[in-house]
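Scroll down for the structure; my scribbles are underneath it.
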Amino acid sequence: MSVFLRDRILTGALRAGEKLPTEAQLAESFQLSRPSVREAIAVLRAEDLVVSRRGSGSFVSATPRFEIRLTLPTASLEDVTRMIELRRAIETEATRLAAARRTSAQLEALREAERALLLAEAEGRDGVCEDLLFHRIIAEATGNDYLLDVHLACQQVLTQAMRATRANERRRASFVAEVHAEHARILLAIEAGEGAWAADAMATHLLGAERRLRAARAETADG
């Protein structure tokens, strides 16, 4: 029942402020017990899709919130590769927009994130937080709250996938150098305000991450 109502709310079939049927009506419609109906409503309430008013019933939230739920990737080549594909779909366009819309402060924040990544590596840390920050600032620089929300919603899976790619990249100094060269190209394109160049630079970076991952895994298998 909660799945059906969630879909109706998110598609606009049930509008903001609209009252839901009573528990008795829902129980009859879905052939459920009253406790099951209450549990389903509680799920929608926890997702901020429904608000309940004592003595009045349950209503569609004025500002329904959709939560993205992703399965945490394993360290398998297939899982991490699929996560990189998701990143290409989102981050290539985000970088194009960032080049057109970034502020001077955001450009400096990107430079600082790259400096922090270099320092983390010099100190023997994995640099995952710093690398993730570099990409988050790009999402912020789009000026599109929806893009930023998607990035933040994916942050846990991004962290896990990035941990796998960076662990592989640290196997070779040449891999580390490639990452920084790619970041530098992204920075130059965003600084120049060249959207097409910036998008291509990000796509190249993420394709490079996949290529390095496959090369490192092949070396491990051969060893």
Side-chain angles (χ1 to χ4, degrees), residues 48 65-73 75 79-123 125-170 175-210 212-213:
D48 290 338
R65 177 175 61 85
F66 176 65
E67 182 176 316
I68 297 174
R69 296 184 179 181
L70 297 173
T71 302
L72 282 175
D79 261 14
V80 179
T81 297
R82 286 178 176 173
M83 194 63 209
I84 292 172
E85 288 174 353
L86 173 63
R87 292 182 62 194
R88 284 208 308 271
I90 297 170
E91 294 190 58
T92 300
E93 176 64 10
T95 310
R96 183 184 72 78
L97 293 173
R101 300 173 180 174
R102 58 85 183 164
T103 65
S104 297
Q106 287 165 338
L107 182 61
E108 181 53 38
L110 266 180
R111 293 188 184 116
E112 181 55 37
E114 179 63 9
R115 287 193 289 267
L117 177 56
L118 286 165
L119 178 61
E121 291 169 347
E123 293 177 347
R125 292 182 279 118
D126 63 15
V128 170
C129 290
E130 292 78 8
D131 202 348
L132 191 62
L133 176 61
F134 181 89
H135 290 268
R136 179 170 61 77
I137 293 167
I138 290 174
E140 290 176 353
T142 66
N144 185 320
D145 290 342
Y146 293 112
L147 266 173
L148 179 58
D149 285 347
V150 169
H151 180 89
L152 293 173
C154 294
Q155 188 147 325
Q156 191 175 8
V157 290
L158 281 172
T159 300
Q160 194 143 321
M162 193 174 284
R163 189 170 288 122
T165 56
R166 289 198 61 81
N168 281 287
E169 287 164 353
R170 291 172 69 194
F175 284 172
V176 174
E178 283 179 15
V179 171
H180 291 295
E182 290 160 7
H183 277 197
R185 186 167 176 254
I186 291 167
L187 264 167
L188 282 173
I190 291 175
E191 181 178 15
E194 296 286 345
W197 178 20
D200 180 69
M202 179 57 78
T204 298
H205 174 48
L206 294 172
L207 285 168
E210 182 178 342
R212 288 185 289 271
L213 177 65

Atom [atom1] in [X], atom [atom2] in [Y]: separation rounded to 0.5 Å?
X      : Y      : atom1 : atom2 : answer
Asp131 : Arg163 : CG    : CZ    : 12.0 Å
Thr142 : Ile90  : OG1   : CD1   : 11.5 Å
Glu140 : Gln106 : CD    : CD    : 6.5 Å
Leu207 : Glu182 : CG    : CD    : 9.0 Å

A side-chain contact here means heavy atoms from C-beta on lying under 4.5 Å apart; do Glu91 and His205 qualify?
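Not touching, per the 4.5 Å side-chain cut-off.
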
Would you check, one step at a time, whether the test side-chain contact (heavy atoms from CB on, under 4.5 Å) holds for Ile138 with Leu97?
CA-CA 9 Å; Ile138 290 174; Leu97 293 173; over 6 Å; no

Looking only at heavy atoms, what is the nearest atom pair of [X] and [Y], with distance?
X      : Y      : result
Ala189 : Ala99  : O-CB, 4.1 Å
His151 : Leu132 : NE2-O, 4.3 Å
Leu110 : Phe134 : CD2-O, 3.2 Å
Leu148 : Ala139 : CD1-CB, 4.0 Å

Going by the side chain to side chain donor-acceptor pair (under 3.5 Å) test, which pairs reach into residues 188-200, not counting sequence neighbours?
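Found Arg111-Glu191, Arg185-Asp200.
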
Determine whether a donor-acceptor pair (N or O, by modelled atom type, separation under 3.5 Å) exists between the side chain of Arg102 and the backbone of Ile190.
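Side chain of Arg102 to backbone of Ile190: a pair is present.
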
For Arg82, is there an ion pair with Glu85 - N to carboxylate O distance below 4.0 angstrom?
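Answer for the salt bridge query: no.
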
Cut-off 3.5 Å, no hydrogens considered: what does the side-chain donor-acceptor table look like for residues 113-121, sequence neighbours left out?
unit_1, atom_1, unit_2, atom_2, d
Glu114, OE1, His183, ND1, 2.6
Glu114, OE2, His180, ND1, 2.5
Arg115, NE, Glu112, OE1, 3.2
Arg115, NH2, Glu108, OE2, 2.7
Arg115, NH2, Glu112, OE1, 3.0
Glu121, OE1, His180, NE2, 2.5
Glu121, OE2, Arg166, NH2, 2.4
Glu121, OE2, His180, NE2, 3.3

Can you name the residues that form a side chain to side chain donor-acceptor pair (under 3.5 Å) with Arg88, not counting sequence neighbours?
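Here the qualifying residues are Glu210.
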
